[in-house]
> 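Submitted below is the structure of interest, expressed as structure tokens.
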Amino acid sequence: MSNPISTAELMQHLRFTADSSELTEAEIMIGTATAFAEQYTGRKLSSQTVVMNFETLSSNSPLKLTGGPVSSITSVQYYDSSFNLQTLTDYRIIHRNGIGYLYPVIGGEWPTDVATADPETVTITYVVGMSPADAPSPVKSAILLIAASLWENRENEIVGTNIKSLKPILAAKDLLHPYKLR
């Protein structure tokens, strides 16, 4: 997985020249900061293949696909009432508020011979996410803030004249909030 910012960008942000072992540690911190941003916003910040399972296809209700706008559907498969694996080819994707929804094709319906009582009856494999280069500047800034905080505060507590617990960066959350999927 590629991250929206590079180690060189983090080192420039920190005004620091790192050796190879520090670059490895910086890459881990960037990965952690990116994972936080993805979890907070509900968006994938790099193109990824996602597999989601559903219990059923019911009465033409859409299936909500998480991670942001869907780039493509790789496959839609389900088990029929005889427990044979079937591949569905007639469907459409509609995006609302940055979220992809899978619907039956216009004028069509979901199959009715779908197996029941199994949480993995329907499996959808799809590609979601953006190119790291296309990540909005506020998202990149939030990742830089979080990674810099991890770099500067490598322990859970700062011990000095008093002990102070570190809290998540509020500015980073403020930068990420407009990109949060609802």
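Just so it is clear, the values below take in all heavy atoms, side chains as well, and ignore hydrogens, waters and symmetry mates. Keep in mind the model is a prediction, meaning the values are calculated, not measured.
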> Give the C-alpha distance, both sets of side-chain angles, the deciding distance and a yes or no for side-chain contact (heavy atoms from CB on, under 4.5 Å) between H177 and Y40.
CA-CA 8 Å; H177 194 74; Y40 185 80; 3.2 Å; yes
> Measure from NZ or CZ of R96 to the centre of the six-membered ring of Y101 and say whether it is under 6.0 Å with the direction within 45° of the ring axis.
yes
> Quick one: do L176 and V139 satisfy side-chain contact (heavy atoms from CB on, under 4.5 Å)? Show the steps, please.
CA-CA 6 Å; L176 293 171; V139 171; 4.1 Å; yes
> Identify the two heavy atoms, one from A115 and one from T121, that lie closest to each other, and give their separation to 0.1 Å.
O-CG2, 3.3 Å
> With rounding to the nearest 0.5 angstrom, report the CD1 to OH distance, I106 to Y91.
15.0 Å
> T41 side chain to A37 main-chain N or O, any donor-acceptor pair under 3.5 Å?
yes
> Measuring only between side-chain heavy atoms, which start at C-beta, is I99 closer than 4.5 Å to L65?
no
> Is it the case that more than 12 heavy atoms not belonging to Y103 sit under 6.0 Å from its OH atom?
yes
> How long is the gap from CD on E25 to CD1 on I30, to the nearest 0.5 Å?
11.5 Å
> At what distance, to the nearest 0.5 angstrom, does OG1 of T66 lie from NZ of K44?
6.5 Å
> Is there a continuous path of hydrophobic side-chain contacts, each under 4.5 Å between heavy atoms, that joins M130 to L181?
no
> Should M52 and V127 be regarded as members of a common hydrophobic cluster, given that ILVMFWY residues are connected when their side-chain heavy atoms come within less than 4.5 Å of each other, either directly or indirectly?
no
> Return the CG to CD distance between L14 and E152, rounded to the nearest 0.5 Å.
6.0 Å
> When you measure from the side chain of R43 to the backbone N and O of K180, does any donor-acceptor pair fall under 3.5 Å?
no
> Report yes or no: do S82 and N84 form a side-chain donor-acceptor pair below 3.5 Å?
no
> How long is the gap from CH2 on W151 to CD1 on I28, to the nearest 0.5 Å?
10.5 Å
> Got L144 and I5 here, is their nearest side-chain heavy-atom distance under 4.5 Å?
yes
> Less than 4.5 Å apart, any side-chain heavy atom of F54 and any of K64?
no
> Of the non-hydrogen atoms in R92 and V105, which two are nearest, and what is the gap between them?
NE-C, 4.0 Å
> Is there a donor-acceptor contact under 3.5 Å from the side chain of E22 to the main chain of D19?
yes
> How long is the span from the CD1 atom in I124 to the CD atom in Q77, to the nearest 0.5 Å?
10.5 Å
> Which pair of non-hydrogen atoms, one from P4 and one from I143, has the smallest distance, and what is that distance?
CG-CD1, 3.8 Å
> Which heavy atom of L45 sits nearest a heavy atom of E38, and at what distance?
N-OE2, 2.8 Å
> Do P136 and Y179 touch side chain to side chain, with heavy atoms closer than 4.5 Å?
yes
> Compare every heavy atom of P132 with every heavy atom of S46, then report the nearest pair and how far apart it is.
CB-CG, 4.1 Å
> Answer yes or no: is there a side-chain heavy-atom contact under 4.5 Å between P111 and L88?
yes
> Can you see which heavy atom on A142 is nearest to which on L175, and at what distance?
N-CD1, 3.8 Å
> Answer with yes or no whether the side chains of S81 and D113 bring together a donor and an acceptor at under 3.5 Å.
no
> When you measure from the side chain of H95 to the backbone N and O of V70, does any donor-acceptor pair fall under 3.5 Å?
yes
> Less than 4.5 Å apart, side chain to side chain, heavy atoms only: is that true for S72 and Y126?
no
> Apply side-chain contact (heavy atoms from CB on, under 4.5 Å) to the pair T87 and V76, showing each step before the final yes or no.
CA-CA 6 Å; T87 300; V76 178; over 6 Å; no
> Check whether I93 and L57 end up in the same hydrophobic cluster, where Ile, Leu, Val, Met, Phe, Trp and Tyr are linked by side-chain heavy atoms less than 4.5 Å apart.
yes
> Show the numbers, then the answer: is there a side-chain contact (heavy atoms from CB on, under 4.5 Å) between I73 and L102?
CA-CA 9 Å; I73 301 286; L102 191 70; 4.2 Å; yes
> Taking side chain as C-beta onward, heavy atoms only, is V51 less than 4.5 Å from T123?
yes
